[in-house]
Amino acid sequence: MTAWAAGSMSRRAWVEQIMGMPVSLHLRGPRAAGDSAVEQLVTALFAHLRAVDALFSTYRADSEIMRLNRGELRLDACDPLVQEVADLCAEATRRTDGYFSAELPAPGHPTGTGTTAGTGTAAGASAGRRWFDPSGLVKGWAVERAAARLTAIDGHDYYLSAGGDIAAYVADPVSPAWNVGICDPFDSTRVLATVPVRSGGVATSGSAARGAHIMNPRTGRPASSDLLAVTVTGPSLMWADVYATAAFARGSDALAWLAGLDRTAALVVTADGARHATPGFGGAEPARRSTSDGQRQPTADK
Amino acid sequence: MRRIVLAVASTVAGLVLLFSYRTSTNTGTGTGMAATAVTSSGGSSGDGSSGVSSGSTTLTGSEVNTRWGVVQVQITVNAGRIVNAGTVQLPDHNPRDVEINRVAVPILNSEAVAAQNAKIDVVSGATVTSDGYIRSLQSAIDAAHLS
């Protein structure tokens with residue numbers, strides 16, 4: 001069946017479309033392929049992600065978030081998960097000096113270009129208003145929680161990636177780390193670095209894939225960042241994602257701020273193409289060396 | 001070799017199905033999907049620069065109607081590895097499509113090959129949308145492990 005499998009380690013991938021993006025799950029270990037209990041767990045995991053999407057989606061008029069924004073539902077009447085996320089968003093705003101916020105201009109706002117912090121436009125909001133849109137945190141939070149279910153499969157490695165934000169885990173100390181390739185935002189035909197990740201999250205924020213989509217909550221306008229991309233690694237995908245988003249909005253002093261975060265490492269690509277990594281950023285090296293095009297190695301810059 | 005061809009055939013069909021899934025649920029336009037039959041032109045050699053030799057097989061997915069037009073995927077496999085991946089058909093009838101395609105096609109070719117050379121397991125980048133997925137490096141990595 002798996003003519004692709006190299007070596008003795010069985011590996012299997014699943015991909016589903018959830019939250020408007022591809023969600024890839026890779027499982028590595030003896031039961032990765034063809035085990036009915038594993039299949040059930042994976043099915044339940046994707047179902048859980050869909051349920052979370054139904055709760056939080058700003059694309060769905062009947063989601064609790066949209067009902068909350070229309071004033072049809074009070075926060076204390078929402079699902080406990082919505083309240084948990086609201087609390088986490090408040091904490092994220094505190095941790096990022098306000099550079100992450102779930103209080104965003106409602107779609108239709110004159111400065112709104114349609115998407116904010118990874119979310120898209122939704123109908124039914126009036127211009128000039130701010131609304132509660134936790135999408136910038138929900139994805140990482142949901143993926144991290146869903147991935148944790150996979151630890152129930154003893155001795156197996158996994159990663160769950162939603163549109164390029166990854167929660168990874170390696171069970172056995174002798175198993176190889178997951179090799180995470182970081183896309184070069186300046187030239188996306190290249191992978192600019194690879195990072196070995198055993199346990200934790202990797203998130204990248206930037207403007208490369210979809211045009212400007214990160215708001216600066218302080219101005220309510222798209223972040224006019226002098227950064228092209230920020231990749232953050234850390235023990236938690238949710239926080240890595242929050243920090244990457246906030247760092248992108250923060251702009252030029254993002255690297256110093258990132259370097260001060262506990263158990264967090266980062267790779268920042270500035271608009272001029274320069275790459276800077278915090279001292280803890282492991283394994284940062286060009287995947288493919290070029291001869292004389294001035295590519296710089298990521299350098300410690302603190 | 002036979003086993004490999006079958007595995008890849010299902011992979012291509014899987015990708016095609018995946019791609020069509022979103023378009024068929026999110027657009028009102030006709031998205032009648034082409035049959036997912038996969039043609040294999042065994043023994044065709046890819047371009048020399050990627051080191052494809054006579055043992056390679058090129059697999060072509062069927063045409064799929066998407067929101068933006070017809071898309072068709074092609075993968076070249078040698079000894080169980082994707083040595084080249086690309087699209088043989090992409091829409092080009094409006095400026096946005098052209099912009100997407102100008103960037104996307106070379107990405108798929110070089111990244112799929114580079115990924116395997118670098119043994120990359122997963123890719124982090126600015127959010128990949130469903131529409132971009134089929135052209136992404138992650139899709140090639142996934143394809144190698146979808147059973």
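This is a predicted model, so every value here is computed, not measured. Naming convention: chains lettered A, B, ... in sequence-line order (proteins, then strands); numbering from 1 in each chain.
- Residues satisfying the side chain to side chain contact (heavy atoms under 4.5 Å, CB included) criterion with A/Ala240, sequence neighbours excluded, are A/Ala203, A/Val232.
- Residue A/Ile166 comes nearest to B/Val123 through the heavy atom pair CD1-O, 3.7 Å, listed as atom of the first residue, atom of the second, then distance.
- In this structure a side-chain-to-backbone donor-acceptor pair under 3.5 Å is missing from A/Asn179 to B/Asp121.
- Distance alone, capped at 3.5 Å, is enough to place a donor-acceptor pair between the B/Ser124 side chain and the A/Gly164 backbone.
- A/Ala32 does not touch chain B: none of its heavy atoms, backbone or side chain, sits under 4.5 Å away.
- When the side chain to side chain donor-acceptor pair (under 3.5 Å) test is applied to A/Trp239, no partner is found at least two apart in sequence or on another chain.
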